[in-house]
Amino acid sequence: MEYSFKDIEPRWREAWKSAGIYKVAEDAAKPKFYVLDMFPYPSGAGLHVGHPLGYIASDIYARYKRLQGFNVLHPMGYDAYGLPAEQYAVQTGQPPGITTAENIRRYRSQLDLLGFSFDWSREVRTCDPDYYRWTQWAFLQMFNSYYCYDAAQARPISELTCVFEQQGTRGMNIACTEPMSFSADEWRAMSEAEQQKLLMNYRLAYLGDMQVNWCPALGTVLANDEVINGLSERGGYPVEQKLMRQWCLRISAYAQRLLDGLETIDWTDALKESQRHWIGRSEGAEMRFELVAQPSMPGGALEIFTTRPDTIFGVTFMTLAPESDYVAQVVTPDRRAAVDAYLESVRRRTERERQADRSVSGVFSGSYAINPLSGKEVPVWISDYVLAGYGTGAIMAVPGHDSRDHAFAKHFGLPIIPLIEGADVTEESFDAKEGIMTNSGFLNGLSVKEAIAAAKHHIESSGIGRVKVNYRLRDAIFSRQRYWGEPFPIYYDAQGIPRAVPEHKLPLLLPDVDKYLPTETGEPPLGRASRWAWDTVREEVVDVSAIDRRTVFPLELCTMPGFAGSSAYYIRYMDPTNAEALAAKPAVDYWRNVDLYIGGSEHATGHLIYSRFWNKFLFDTGAVCEDEPFRKLINQGMIQGRSSFAYRINGTNTFVSYNLKDRYETTELHVYVGLVSNDILDVEAFRAWNPEYRDAEFILEGDRYVCGWQVEKMSKSKYNVVNPDEMIEKYGADTFRMYEMFLGPLELSKPWDTNGIDGAHRFLRRLWALFYDRHSGLTVSDEAPSAEELKCLHRLIRKVTGDIERFSFNTAVSAFMICVNELTALKRSSRAVLEPLLIVLAPFAPHMAEELWHALGHESSVCTAAWPQWDEAILAESLVTYAVSFNGKTRFSISLAADISREAAEQAALSHELAAKWLEGRSPRKVIVVPNKIINIVV
RNA sequence: GCUCGAAUGGUGGAAUGGUAGACACGAAGGACUUAAAAUCCUUUGGCUAUUGCAGCUGUGCGGGUUCGAGUCCCGCUUCGAGUACCA
C-alpha cells in the first residue's frame, strides 16, 4: 500500500471535526494550559507559506500538552477591523463587512487544510457586535475610572468625586493630564459642566487636546507605533504633527507597572528590552527657573526636566519646544516677528522632513531666566530639537556635556562651560557620566555620580524643584477618523459634555453608510450615517422628540483604532458566547492567562504593550485574575522569499544563464519561482508565462538555464510568493508541517526554499514503509522488539520530548528522520516500538499518525493517547565517562565500561598511566561521574 | 548615534565547555528500469595522499581564560532587527 495523503488527510480532518475532539471545557480535574496564536488580520491576499509557521509550532505544542494530560485551550479568531478593507471600500464601494467576511472564509479554508487542533467553537471576530460590545464595555470602564498612584491601581471615578466633595485635591496622588489643585469648596461651587470638564483630566479614557500624528493621505490620526520613520505604517504616507482633540487612554499611568511586570514573565530579552525602551524610564529632577522681569512681560517661571542636575552650573541658555505653552510667556515684543516666522517654518515641515533634516535651527525669545543655583541670567531660546511631548517641553541647556546643546551653542555662538576636570569641550561635548566636577560651586571635587545625588538632594531641600521619574511612554491616542472600527459608546449632551452610552444599550452598532469617506463638512465617515443607533441613545437618555442630532446632540463619530479589538481577545476566548460578561468568573479563574503566546515580533511595541495595559486595567477592576496576560511569549521568525532571477542581455530578448552572465551587459529580472526548480528554469514555461518573453532566446550552460537567487521579502511584485495550498496539494499537510518546522529554529527569519520539501516527504514515505510493504500489506509484528529497536525508540522519545519543551522543533524533526533511518536499516517493525512512535509523531504529522494508529487496530484517536515515557536504563551507554577533578576543578575525563563500580572507576582513573603522571604529587578530591561523555584524556 | 541579535560547507542548519559540520537539500557516481518517475547504495568542508588505508587545516578577525573553546571573557569587522533630537 502506498502512502496516499490525498485520501488520508481529508478523511481524518473530517473525522476529528465530526467527533469534536478539539472542543474543550473547563475541567477542574485536569491542569489547564492555554496556547495562543496572535490572531491574523484576514487580508485579501490569503495566506502565504510564512503565515502558518507560528500556527504549526503552537499546534505541535498544544497537541503535545494534550497528550501529556493537560486540558488545552487552543483557539483561533480574526482581527477583522483594519485599514485595507476600508481602503478597498473607498475604491469600490464594497462594504468592508462583506469583503472581510469573504477574506475570513478564504483564510479559514486555507487554515483547515493544515490539520490544526483549534477549538473553532470559540472563534471570535473583532468586528462582530457580540464581540465589540465588550471592547466598548472595556472603554466605558476606563472612561469611568481614574488611576491612584498610592493604591497603584485604577479606581471608579465615582470614588474620586466623593473625595473631591470632601477634601478637593489635597493629598491626592493620581494620574492626570495637567496637575491641578482645588479645594472641596471650590469643587462644590462648580457647575456640573465644569466638574465634568475637570474630571476629564483624570479619566483613564479621556478626551484631550493632543499633538497627534495626522496622516492627511489616510485622513486619520495614528498612534506612535503606527508611524515609522515619519511615514504611516500602512501605506507609507507622510505624517505631520497637529493639535487635535482626541480620545486617549492614560496608559502612561501604568508605565511603572508595565516595566515591573516584565520581570515576572518569560519573554525574550530582546523583546523585553524593546518594551523597556518604549516605556523609557529616566530618573532626574524637575526644576524651576524664574524669568527675569521685563516691562510689559508677564514674568513667571520655566519648569524643566533634566537627568543631569549635576551639570546645572554649566547652563548657558534654556531651550523651549516650539509647541510649548511657555512660548507665549517669553516672547518679547521686539522678538515677536522673528519668533513667529520660526514657528511658522517649523509648523510647515512634515515629520519626515524634520527627521531627514537635522540641521540646527532656533530663535531667541528675548527673555532671560535665572539659574536657581548660580544666580546667573541665561537667554531663553526656542528650537525644534526640544520635544514638546517629553518632560515639560523645556530644557536647561548644558552645551559642555550634552551633544545637542553643544551643536546649538556652537551654531549660535553661545558660551560653553566645561564641568569635568580635564574635559576639552571646545569641539565636542563630554556626555559620559564620569569624571570629577569642576566650575560647579558646592559640587566641585565630587564624582559625577556623587554630584547627581548631591544636586538632587540640594534641589529638593532648597525647594527649587523635586526629584522626578519621567517616562517616554505617551498616552495612546484612541480616536481614528475612520469607518471600519468600533464606534465609541459616547454621546455629547446639549452642553457638549461627553456622556457614556448606558451599558445595557451596548453594543452600539456600527451603522451602514453610503460612502466610506469623510463628510463634506470634514467629519469622519460615521457622520454619513443616517439614523444609526442614535435613536436608541436618545430614547434612553433624554426626553425629547425632535432634536437635530448633528448639531444638538451628536454621537462620537470617530471609531477606535486597530489595537482596541486585539487587546483583550484572549480573555473572550475563555467564554466567547457569554452575553452577560466579557468572560464569566469561573472561566477566567480556570484559564487565568495565556501560558504560551506565539506571534511576530512586529507587535513588540504595539499590541503587546496595549494588551498588557488593558489586562492590567481589567485586573484592577477584578474582571481578570492575572496581572500579566502572556506568561511565555515566542516570536516566530519571518519566512522570507527566495527570489529567482533571469538575466536579459540589454537591448535584446536573449537571456543568459547565471554563470555566463558576466560576459554580457545584462539586466536582472524576477522570474516567478514556480517556473524554477533547483535553480533550473523551465524555459518553455517561462516563455508561456509572460507574452513579452514568448520569443525569448536562451544562452544555456550545457543544456540548462541556471537562475540566480536572492533572499527578499515575500511579495507579489517579486514573484516569489509560495502558496501553502499548492504545497499541500502536492505533498500533503503532514509533509508541509514537518518541512516548515525543519527549515530552521522557530525564532529565526529564514527564506522559504521549496527545494528541500522533498526530504520531508521522503521521510514520511519511509516511515509509512515501516508499516506497509507494497506487496504484503501491514508488516507490523507482535514479536518482542530487539534491544536496538527499543534503543531507537527511547532515544527518540527523550530527544523529542526535550526538543518540544525548548521549542526546538527543527531538531525534533531531525530526530524522527534519524530514528526512521535506523529502524529501516534494522528491517524490523515491532508493534511495541511503532505504537509509541506514532504518539510522539502525532503533534507533528497528525494525519499520518492517526491513519497508522487505526491501522494497528485502535478505535480511539491517537490525539487522546498518553505521551510515552523513555527509559534511561535502555539508553544507558556501554561507556561512561568519569571526569576527574580535584580542588573543585575538573582536570580530565576517562571513559570506562558502564557497569564498572564507582570505586573501580576511581581506581582506574588513578592507575591510568597518563592520569597517574599528571596526578603525581597531588591528591584528587573526587571522581565525578558524567554519563555519555567523550573519551578524552589530556594531561 | 544608541540597544539587541547574528556570523559554522555549494544551501538550510546541528553541536549541556569534550570526536565540529548531525539531519536535510543540492551535486557527483552507481544499482534497478526500454525510458522516465519512484526507490536503494557510495562519495561530498578545504588541502595533500589516495597501489601510503592516513596527515594537515578548518566555525568572520585579533587576543585571553581552560587539560580542552564554534560555545566563556576582552577588543574589532561585517550583516540584520528595533529605535531615534527622550535632555
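All chains are named by letter (A, B, ...) in the order of the sequence lines, taking the proteins before the strands, and each is independently numbered beginning at 1.
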**Student:** Using a heavy-atom cut-off of under 4.0 Å over every strand shown, decide if A:Ile818 touches base, sugar-phosphate, or nothing.
**Tutor:** sugar-phosphate

**Student:** Kindly say if A:Arg762 contacts the phosphate of B:A24, meaning a side-chain N or O under 4.0 Å from OP1 or OP2.
**Tutor:** no

**Student:** How many Å lie between CZ on A:Arg472 and P on B:A87, as a whole number?
**Tutor:** 10 Å

**Student:** Using a 3.5 Å limit on both pairing distances, list the dot-bracket string of RNA chain B from the 5' end; Watson-Crick and G-U wobble pairs count, crossing pairs take [ ], interstrand pairs take |.
**Tutor:** (((((((..(((.....[....)))((((((.......))))))((((.....))))..(((((..]....))))))))))))....

**Student:** Expressed as a whole number of Å, how far does the P atom of B:G46 sit from that of B:G52?
**Tutor:** 23 Å

**Student:** Do A:Asp682 and A:Tyr705 have a side chain donor and acceptor closer than 3.5 Å?
**Tutor:** no

**Student:** Once side chain to side chain contact (heavy atoms under 4.5 Å, CB included) is applied, do any residues pair with A:Ser808, and if so which ones, sequence neighbours excluded?
**Tutor:** A:Asp803, A:Arg806, A:Asn810, A:Thr811

**Student:** Do A:Arg762's NZ or CZ and the ring of A:Trp768 fall within the cation-pi criteria of under 6.0 Å and 45°?
**Tutor:** no

**Student:** For B:U3 versus B:G75, give the span between their P atoms, rounded off to a whole number of Å.
**Tutor:** 12 Å

**Student:** Between residues 803-816 of chain A and RNA chain B, which residues have a heavy-atom gap below 4.0 Å?
**Tutor:** A:Arg806, A:Asn810, A:Thr811, A:Ser814

**Student:** Under 4.0 Å between any heavy atoms, over every strand shown, what does A:Leu743 touch: base, sugar-phosphate, or nothing? Just pick one.
**Tutor:** sugar-phosphate

**Student:** If only side-chain N and O atoms of A:Tyr739 are considered, is one of them under 4.0 Å from the OP1 or OP2 phosphate oxygen of B:A24?
**Tutor:** no

**Student:** Please give me the minimum heavy-atom distance between A:Ile279 and A:Ala255, naming the atom from each residue.
**Tutor:** CG2-O, 3.8 Å

**Student:** Nearest-Å distance, CG (A:Asp384) to P (B:C85)?
**Tutor:** 10 Å

**Student:** Contact class for A:Arg474 (heavy atom, under 4.0 Å): base, sugar-phosphate, or nothing?
**Tutor:** nothing

**Student:** Want to settle it: does A:Ser601 or A:Ala394 sit nearer the 5' end of RNA chain B, counting the closest nucleotide to each?
**Tutor:** A:Ser601

**Student:** Atom CZ of A:Phe742 and atom P of B:G26: how far apart are they, to the nearest Å?
**Tutor:** 12 Å

**Student:** Students often get this wrong, so: under 4.0 angstrom with heavy atoms, is A:Leu271 touching a base, only sugar-phosphate, or nothing?
**Tutor:** nothing

**Student:** Got a list of protein N/O to nucleotides 42-45 of chain B N/O distances below 3.5 Å?
**Tutor:**
none

**Student:** Between A:Asn821 and A:Ser749, just flag the one whose closest nucleotide in RNA chain B comes earlier from the 5' side.
**Tutor:** A:Ser749

**Student:** Please test A:Tyr772 against A:Thr779 for side-chain hydrogen bond (donor to acceptor under 3.5 Å, both in side chains), starting from the C-alpha separation and ending with a verdict.
**Tutor:** CA-CA 6 Å; A:Tyr772 284 105; A:Thr779 58; over 6 Å; no

**Student:** Not counting sequence neighbours, list each pair that qualifies as a salt bridge (charged side-chain N to carboxylate O under 4.0 Å, His left out) and has a residue in residues 276-286 of chain A.
**Tutor:** A:Glu263-A:Arg276, A:Glu273-A:Arg276, A:Arg281-A:Glu283, A:Glu286-A:Arg466, A:Glu286-A:Lys468

**Student:** Please confirm whether the ring centroid of A:Tyr739 lies under 6.0 Å from the ring centroid of A:His761.
**Tutor:** no

**Student:** Any salt bridge (charged side-chain N to carboxylate O under 4.0 Å, His left out) pairs touching residues 601-610 of chain A, not counting sequence neighbours?
**Tutor:** none

**Student:** Does A:Pro745 reach a base, just sugar-phosphate, or nothing at all? Heavy atoms under 4.0 Å.
**Tutor:** sugar-phosphate

**Student:** By the 4.0 Å heavy-atom rule, please label A:Arg276 as base, sugar-phosphate, or nothing.
**Tutor:** nothing

**Student:** Work out how far the P atom of B:G26 is from that of B:A15, and round it to whole angstrom.
**Tutor:** 23 Å

**Student:** So, does A:Ser429 use its side chain to make a donor-acceptor pair with the main chain of A:Asp431 at under 3.5 Å?
**Tutor:** no

**Student:** Do the two ring centres, one from A:Phe736 and one from A:Tyr731, sit under 6.0 Å apart?
**Tutor:** no

**Student:** By the 4.0 Å heavy-atom rule, please label A:Ser282 as base, sugar-phosphate, or nothing.
**Tutor:** sugar-phosphate

